[in-house]
Structures are given as C-alpha cells and as structure tokens.
Amino acid sequence: MASPIEQFQIKPIIPVINFTNSSLFMIGAAAVIVGGLLLATRKRAVVPGRAQSVAEVLHDFVANTLVDATGREGMKFFPLVFSLFMFVLTANLLGMIPGFFTVTSHIIVTFALAMLVIGTVVVYGFVKHGTHFLGLFVPSGVPGWLLPFIVVIELISFLSRPISLSLRLFANMLAGHIALKVFAGFVVSLLAAGGALTILAPLPLLMAVALMALEFLVAALQAYVFTVLTCIYLNDALHPGH
C-alpha cells in the first residue's frame with residue numbers, strides 16, 4: 001500500500017524552470033476560475049441561467065461577507081477577497097479529485113496567501129492612516145502601567161495572524177486527505193487478503209465515503225473561514241482604532 005504522504009510530494013515537471021505539479025495545479029485552479037466566470041457571465045442576461053446564477057451567488061456571498069465585517073468602505077478590497085475565496089475553494093475542490101494535487105495542503109502555499117493578506121493590511125494601514133495605524137496595538141482606556149504589557153500582547157497577536165491563518169487551512173486539508181488515503185488503503189488491503197477478511201471490506205469503504213462527503217464540506221468551509229478572517233483583518237486596516 002502506498003504511503004498516505006506520497007500524495008503530497010512535489011514533483012518536477014519542467015526542472016529547468018522549476019515547474020512542478022504544485023505549479024501546474026495552481027495555474028489550473030486559476031484557469032478554472034477565469035474560464036468558469038467568463039463562461040458564466042458571457043451573456044449577462046437579465047434573467048440569469050444556471051451558470052450566471054452560480055456566479056452571482058458567489059459574488060454576492062463574498063460581497064456580503066466583506067461588507068458585514070468592514071462596512072461599505074471595505075468593498076475596495078473586494079477583488080482581493082473574491083480572488084482569494086475562489087482560489088482557495090477551487091484548489092480545495094480540485095484536490096478532491098482522485099489523482100489530483102491539493103496545493104492548499106502545503107504550508108508554503110497557505111502561508112504565502114496569509115502573508116498577502118497581512119501585507120495588504122500593513123501597507124494600506126500605514127498609507128491610509130500613517131502612524132495612527134499603530135493605534136491598533138494600543139487599546140483605549142488601558143491604565144498607563146498596564147499599557148506596555150498590552151502592547152506586547154497585541155503585537156504578538158498580530159504577528160501570529162499569518163501563522164494561524166495558514167496553519168488552519170493547511171492542517172485541515174492535510175489531515176483530511178491522509179484519513180481518506182488510509183481508509184481507502186484498508187479497503188484494498190482487505191480485498192487483497194481474501195477469505196473471511198473480504199467481508200470486512202465494506203466497513204472502511206463506508207467510512208471512506210463518509211469522509212469524502214465530510215471533506216467536501218471542509219473544503220468549502222475552510223475557504224469560507226479563510227475569507228471571513230481576511231475580512232476581519234482588513235477591517236483593522238480600515239479602522240485601526242480600538
């Protein structure tokens with residue numbers, strides 16, 4: 001039985017330019033998103049068809065999530081938030097197809113996405129508010145003697161955001177795929193063993209099917225969680241005061 005970790009190995013496709021299977025599926029995810037949205041909105045009918053309805057639901061879902069967290073002012077970040085949501089969701093779902101590669105199961109990918117979010121928060125915060133952005137680390141109403149401790153805590157909390165944001169997505173996708181691989185391996189092993197053990201094969205098969213359904217839910221949920229946290233962090237760039 002192949003190792004459950006084997007599915008996460010990064011393999012070179014074009015070594016000269018360091019083009020790997022991870023690169024291929026990131027480009028593939030982007031192509032699916034762009035192609036799907038262009039196809040869905042090519043007619044832009046007043047009475048939308050199925051594809052246009054799906055595109056509009058995704059647009060409104062992300063827009064409402066962003067406005068709820070940041071207010072109307074936050075819509076300036078809609079292209080970024082929508083792109084992140086669609087990329088994470090598509091990459092997660094593509095990874096559910098047998099034989100495909102899950103790019104979000106690699107910490108370097110999720111950390112890069114998290115750093116993009118935090119980098120945007122910091123750059124926009126200082127450009128828009130100047131040094132007032134540092135008020136994010138200085139809550140109002142705190143006694144002077146306690147303020148240095150609170151500032152340190154707030155700073156550590158802020159610096160931990162890209163770590164927690166990336167680890168949450170990475171760990172959920174990694175653990176789910178390993179569990180699926182293990183139970184699928186149990187089915188193959190029991191069938192290969194023959195005899196009375198064959199009778200037990202449906203048990204891990206049922207578990208694998210249940211885990212597959214759960215993984216589809218987790219794939220969508222993790223895209224949503226990543227988007228919600230992104231909106232919350234962007235709100236700090238817009239309104240740094242406590």
Side-chain angles (χ1 to χ4, degrees), residues 1-40 58 62 77-124 126-127 158-182 184-185 211-212 215-216 218-231 233-234 237:
M1 183 176 67
S3 169
I5 305 298
E6 185 179 350
Q7 60 184 312
F8 306 112
Q9 290 180 356
I10 295 180
K11 301 175 182 178
I13 297 177
I14 308 177
V16 176
I17 59 173
N18 200 27
F19 188 80
T20 65
N21 54 347
S22 180
S23 308
L24 176 63
F25 279 94
M26 281 191 278
I27 293 175
V32 169
I33 295 167
V34 173
L37 290 176
L38 287 176
L39 185 65
L58 291 172
V62 176
F77 293 113
F78 178 79
L80 170 65
V81 177
F82 185 75
S83 298
L84 286 171
F85 172 76
M86 291 300 298
F87 178 80
V88 174
L89 178 62
T90 305
N92 288 352
L93 294 178
L94 284 177
M96 296 300 300
I97 301 175
F100 278 34
F101 186 81
T102 311
V103 297
T104 47
S105 65
H106 280 261
I107 187 66
I108 187 63
V109 174
T110 59
F111 186 72
L113 296 177
M115 286 304 298
L116 173 62
V117 173
I118 301 304
T120 301
V121 171
V122 172
V123 171
Y124 181 86
F126 277 111
V127 169
F158 184 84
L159 294 177
S160 67
R161 286 180 177 182
I163 300 174
S164 62
L165 190 60
S166 58
L167 281 177
R168 183 180 291 103
L169 176 58
F170 150 75
N172 277 279
M173 300 312 298
L174 182 74
H177 281 65
I178 289 177
L180 277 175
K181 184 73 172 181
V182 168
L211 281 174
M212 177 70 76
E215 272 298 285
F216 274 105
V218 170
L221 183 61
Q222 286 305 309
Y224 171 69
V225 170
F226 194 95
T227 303
V228 169
L229 291 176
T230 296
C231 293
Y233 297 158
L234 289 172

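Everything quoted here is computed from the prediction, not taken from an experiment. Just so you know, these numbers use all the heavy atoms, side chains as well, and skip hydrogens, waters and symmetry mates.
A heavy-atom distance below 4.5 Å is not found between the side chains of Leu24 and Phe101. The shortest side-chain heavy-atom distance between Leu58 and Met86 falls under the 4.5 Å cut-off. Contact of the Phe226 side chain with the Thr104 side chain is not registered, since no non-hydrogen atoms from C-beta on lie closer than 4.5 Å. Side chains of Ile178 and Phe8 form a contact here, defined as non-hydrogen atoms less than 4.5 Å apart. In this structure, the side chains of Leu169 and Asn92 come closer than 4.5 Å at one or more pairs of heavy atoms. Counting heavy atoms from C-beta on, the side chains of Leu84 and Thr227 never come closer than 4.5 Å.
A side-chain donor-acceptor contact under 3.5 Å links Ser23 and Thr20.
Here the side chain of Asn21 pairs a donor or acceptor atom with the backbone of Gln9 at under 3.5 angstrom.
How far CG of Leu37 is from CD1 of Ile33: 7.5 Å, rounded to the nearest 0.5 Å. One distance of note links CZ of Arg168 with CD of Gln222; it measures 7.5 Å at 0.5 Å rounding. To the nearest 0.5 Å, the span separating CG on Leu174 from NE2 on His106 amounts to 8.5 Å. Ser22 OG to Ile27 CD1: the interatomic distance, rounded to the nearest 0.5 Å, is 10.0 Å.
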Could you tabulate the donor-acceptor pairs under 3.5 Å formed by side-chain atoms of residues 108-118, not counting sequence neighbours?
from: Thr110; atom 1: OG1; to: Ile107; atom 2: O; distance (Å): 3.1
from: Thr110; atom 1: OG1; to: Ser166; atom 2: O; distance (Å): 3.2

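Counting all heavy atoms, side chain and backbone alike, Leu89 lies closest to Ala219 at CD1-O, 4.2 Å. Contact between Ala237 and Val121 at its shortest, heavy atoms only, is CB-O, 3.6 Å.
Within 6.0 Å of OH in Tyr224 there are 12 or fewer heavy atoms belonging to other residues, nucleotides or ligands.
Legend: residues meeting side-chain hydrogen bond (donor to acceptor under 3.5 Å, both in side chains) with Tyr124, ordered by chain and number and at least two apart, are Lys76.
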